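FYI, the numbering just counts along the sequence from 1. For clarity, every value in this text was computed on a predicted model and none was experimentally measured.
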Amino acid sequence: MSEELLINISPMESRVAVLDNGILGEIYIERHHKLGLVGNIYLGTVVRVLPGMQAAFIDIGQSRTAFLHVNDMQREPRPAAKSIKVEKTGDERTIIEVTADDLAITPPVISTQNTEVVSVSKTLIQHRLHESQRILVQVTKDQLGSKGARLTTNISLPSRYLVYLPSSEHIGISQRIDGEEERTRLKTELTSLMQTVNLKGGLIARTAAERVPVDKLEEDIYYLLQLWRTICARRQEMKPNQSSELIYQELSLPLRSIRDLVHAGTEKVVIDNSQIYEQVRYFAKEFVPFVYDRIVHYTAEQSLFDVHRVEDDLRDALKRRVDLKSGGYLIIDQTEAMTTIDVNTGSFVGGRSLEDTVYKTNLEATHAIARQLRLRNLGGIIILDFIDMLEQQHKDDILESLQSQLVQDYAKTKITQVSELGLVEMTRKRTRESLGQQLCEPCSTCQGRGFVKTAETVCFEIFREIMRCARTYNSPKKFTVVAHAAVIDLLLTSESDTVADLEYLLGRVITFDVENLYTQEQYDIVLD
């Protein structure tokens with residue numbers, strides 16, 4: 001599979017498009033007035049501790065306080081539980097001291113009546129944090145809607161080949177590196193290098209580290225060690241009267257894409273800005289030398305994204321409906337709790353039987369679903385409503401096809417089996433806003449519902465409101481209805497008989513006035 005990176009720079013934003021065989025696979029957007037926070041490290045201040053949620057709100061200098069859960073805090077050394085036998089009124093009782101990890105925050109029911117829990121080690125969040133306390137945190141999720149950023153105290157610093165974990169002693173290998181021999185080599189060499197440079201903490205070998213020589217890994221370790229020392233020094237330099245400070249900022253989107261997205265299969269990196277072109281070349285020469293000669297400066301007059309139809313694909317990615325080549329289609333709906341994707345056969349009738357038609361549509365849908373998840377950056381809980389299949393082999397094939405397509409996805413995914421209703425539940429790790437959340441806002445007319453009341457419904461509401469006003473106020477001699485043109489037209493035509501009956505019943509005149517600035521649901525009743 002050939003892959004290209006297109007980097008488009010404008011005064012307002014930076015955009016990076018990943019093309020798979022000429023087709024848009026992923027899009028990353030970073031607006032210069034609203035840079036992403038993921039990866040940034042702050043020295044923040046605890047604003048509020050919530051024992052009931054086992055969480056705290058941290059001021060990191062953003063518009064909303066950020067959220068830190070106890071599970072995202074680095075673990076304290078776990079003391080051993082103590083067991084003491086005590087004689088009391090002739091009965092032998094066992095008194096046990098346990099940790100909060102043993103209790104899983106909520107104390108369990110002790111089945112033995114002679115066993116008593118007497119104390120808990122201080123690993124609850126209210127024992128670890130207090131208001132006005134300063135704490136070093138890293139952003140793991142950007143602000144999403146009304147929710148503040150998500151934080152962790154488990155700092156991680158990525159480089160080209162490695163991720164450094166200062167508060168851990170774990171040495172891990174990316175799951176995308178399959179060969180057992182290569183995994184063993186990396187683990188052995190990283191262990192040896194950490195001892196050589198006296199590096200405290202843990203390391204994770206990224207996918208890009210596969211078959212990388214030891215001298216390159218050593219360079220990465222020295223870079224990460226120096227970076228961590230700089231962060232520690234900046235933390236010590238913070239003034240006492242500052243509530244928060246940015247200690248470390250992640251790389252800009254163009255440089256981050258070179259570090260994280262390019263690989264051996266990347267044929268070309270095309271950049272349409274001369275300044276960013278030079279910055280990327282310098283960065284690539286230092287950290288990703290194999291891609292240095294593949295970086296191209298685009299100078300033509302026509303927009304880089306227009307040449308590769310990226311703008312068209314972006315517009316399509318904001319639609320609910322995604323058409324399949326066979327004639328079937330997907331309907332994608334994103335809600336606060338989850339995203340649902342419905343598969344439909346549409347106009348496709350090409351199978352030898354109904355089961356065959358359904359199977360082929362579902363199989364094609366797995367390719368489209370995997371692409372749309374990456375392109376739209378859909379995360380959280382995702383429900384896939386495949387068309388019902390009768391044969392178990394077909395269900396297994398659909399799951400296998402979906403799994404194979406998601407191998408290319410950088411985000412972590414987890415898939416369940418096909419249920420009896422043909423549903424597949426899956427999760428996809430979410431670290432930033434989806435494409436729709438980044439580029440769109442709720443409709444001012446329907447307030448995000450996706451539909452508006454019919455003109456007929458609004459007419460009936462107006463009738464009820466007029467009767468309510470007539471019972472409440474005795475003085476008005478006339479009612480003036482101010483509403484949208486479509487509503488007024490209906491009142492003067494189809495509903496004119498109802499208006500006449502209402503005037504007769506109330507003994508008052510009803511007049512109408514069109515307001516073009518009103519939406520179809522808006523109206524006012526003016527009392528004269």
Side-chain angles (χ1 to χ4, degrees), residues 29-31 33-76 100-101 103-106 122-158 163 165-168 231 234-235 238 242-250 256 334-339 377-382 411-414 427-438 441-442 448:
I29 301 173
E30 186 174 80
R31 291 181 173 166
H33 71 282
K34 186 183 175 183
L35 298 177
L37 304 179
V38 174
N40 289 358
I41 298 175
Y42 295 87
L43 188 55
T45 301
V46 179
V47 175
R48 190 179 177 193
V49 179
L50 304 174
M53 295 176 61
Q54 282 302 294
F57 288 106
I58 314 292
D59 176 17
I60 59 172
Q62 298 300 312
S63 57
R64 299 188 187 94
T65 53
F67 182 83
L68 173 66
H69 192 269
V70 71
N71 291 342
D72 295 318
M73 298 181 68
Q74 70 184 70
R75 293 182 177 274
E76 292 182 338
D101 290 329
L103 295 178
I105 305 306
T106 304
K122 296 183 178 181
T123 57
L124 301 177
I125 198 163
Q126 60 266 36
H127 298 143
R128 305 178 65 179
L129 294 179
H130 57 81
E131 291 185 12
S132 303
Q133 178 181 344
R134 289 183 174 181
I135 182 172
L136 192 69
V137 291
Q138 186 172 35
V139 179
T140 58
K141 291 184 180 180
D142 268 324
Q143 296 182 165
L144 298 173
S146 60
K147 300 176 182 177
R150 185 74 180 254
L151 303 176
T152 181
T153 62
N154 296 302
I155 307 299
S156 62
L157 300 174
V163 177
L165 310 172
S167 59
S168 172
I231 290 171
R234 290 198 63 185
R235 178 182 182 180
M238 183 174 172
Q242 287 181 268
S243 62
S244 63
E245 183 181 6
L246 176 61
I247 301 294
Y248 165 76
Q249 185 168 18
E250 252 288 38
R256 200 164 66 244
Q334 189 176 359
T335 68
E336 184 75 18
M338 66 182 70
T339 298
N377 192 34
L378 299 174
I381 299 172
I382 301 167
K412 184 178 179 181
T413 57
K414 182 179 180 181
T427 59
R428 185 175 184 269
K429 186 176 181 181
R430 174 169 51 194
T431 58
R432 55 191 173 93
E433 292 180 315
S434 68
L435 187 65
Q437 291 169 328
Q438 274 190 298
E441 64 181 14

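Counting heavy atoms from C-beta on, the side chains of R432 and K141 never come closer than 4.5 Å. The side-chain heavy atoms of T153 and L136, taken from C-beta on, include no pair separated by under 4.5 Å. The side-chain heavy atoms of L68 and I58, taken from C-beta on, include a pair separated by under 4.5 Å. Side-chain contact between L157 and I41 is present, with at least one heavy-atom pair separated by less than 4.5 Å. Looking only at side-chain heavy atoms (C-beta outward), I60 and L151 come within less than 4.5 Å of each other. A heavy-atom distance below 4.5 Å is found between the side chains of I29 and L435. The side-chain heavy atoms of Q437 and Q334, taken from C-beta on, include a pair separated by under 4.5 Å.
Of all heavy-atom pairs between Y42 and I247, the closest is C-CG1, 4.0 Å. A pairwise comparison of heavy atoms in G39 and Q138 identifies O-NE2, 3.1 Å as the closest pair.
With a 6.0 Å radius and a threshold of 12 heavy atoms from other residues, nucleotides or ligands, I381 has its CD1 atom at or below the threshold. A 6.0 Å sphere centred on CZ of R48 holds no more than 12 heavy atoms belonging to other residues, nucleotides or ligands.
For S244 (side chain) and L43 (main-chain N/O), no donor-acceptor pair under 3.5 Å exists by modelled atom type. Distance alone, capped at 3.5 Å, is enough to place a donor-acceptor pair between the T152 side chain and the D72 backbone. Between the side chain of R150 and the main chain of T140, no donor-acceptor pair closer than 3.5 Å is present. Side-chain atoms of N40 come within 3.5 Å of backbone atoms of E250 as a donor-acceptor pair (strictly under, hydrogens ignored). For the pair R134 (side chain) and V46 (backbone), a donor-acceptor distance under 3.5 Å is absent. A donor-acceptor distance shorter than 3.5 angstrom exists from the side chain of D142 to the backbone of L37, with no hydrogens or angles considered. In this structure a side-chain-to-backbone donor-acceptor pair under 3.5 Å is missing from Q62 to A149. N377 places a side-chain N or O within donor-acceptor distance of the main-chain N or O of E433, the cut-off being under 3.5 Å.
In this structure, I382 CD1 and K414 NZ are separated by 14.0 Å, a value rounded to the nearest 0.5 Å. The line from CE of M338 to CG of L378 is 13.5 Å long, rounded to the nearest 0.5 Å. Separation of atoms CD (E131) and CZ (F57) is listed at 12.0 Å; rounding is to 0.5 Å.
Q133 and T45 share no donor-acceptor pair across their side chains, judged by distance under 3.5 Å alone. Side chain to side chain, Q54 and Q126 meet the donor-acceptor criterion of an N or O pair below 3.5 Å.
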Report task. Could you please spell out the steps behind the side-chain contact (heavy atoms from CB on, under 4.5 Å) verdict for R256 and E30? Result -> CA-CA 11 Å; R256 200 164 66 244; E30 186 174 80; 3.5 Å; yes

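For S168, the side-chain contact (heavy atoms from CB on, under 4.5 Å) partners at least two apart in sequence or on another chain are L165, H170.
For E245 and R235, the salt-bridge test fails: no basic side-chain N is under 4.0 Å from an acidic carboxylate O.
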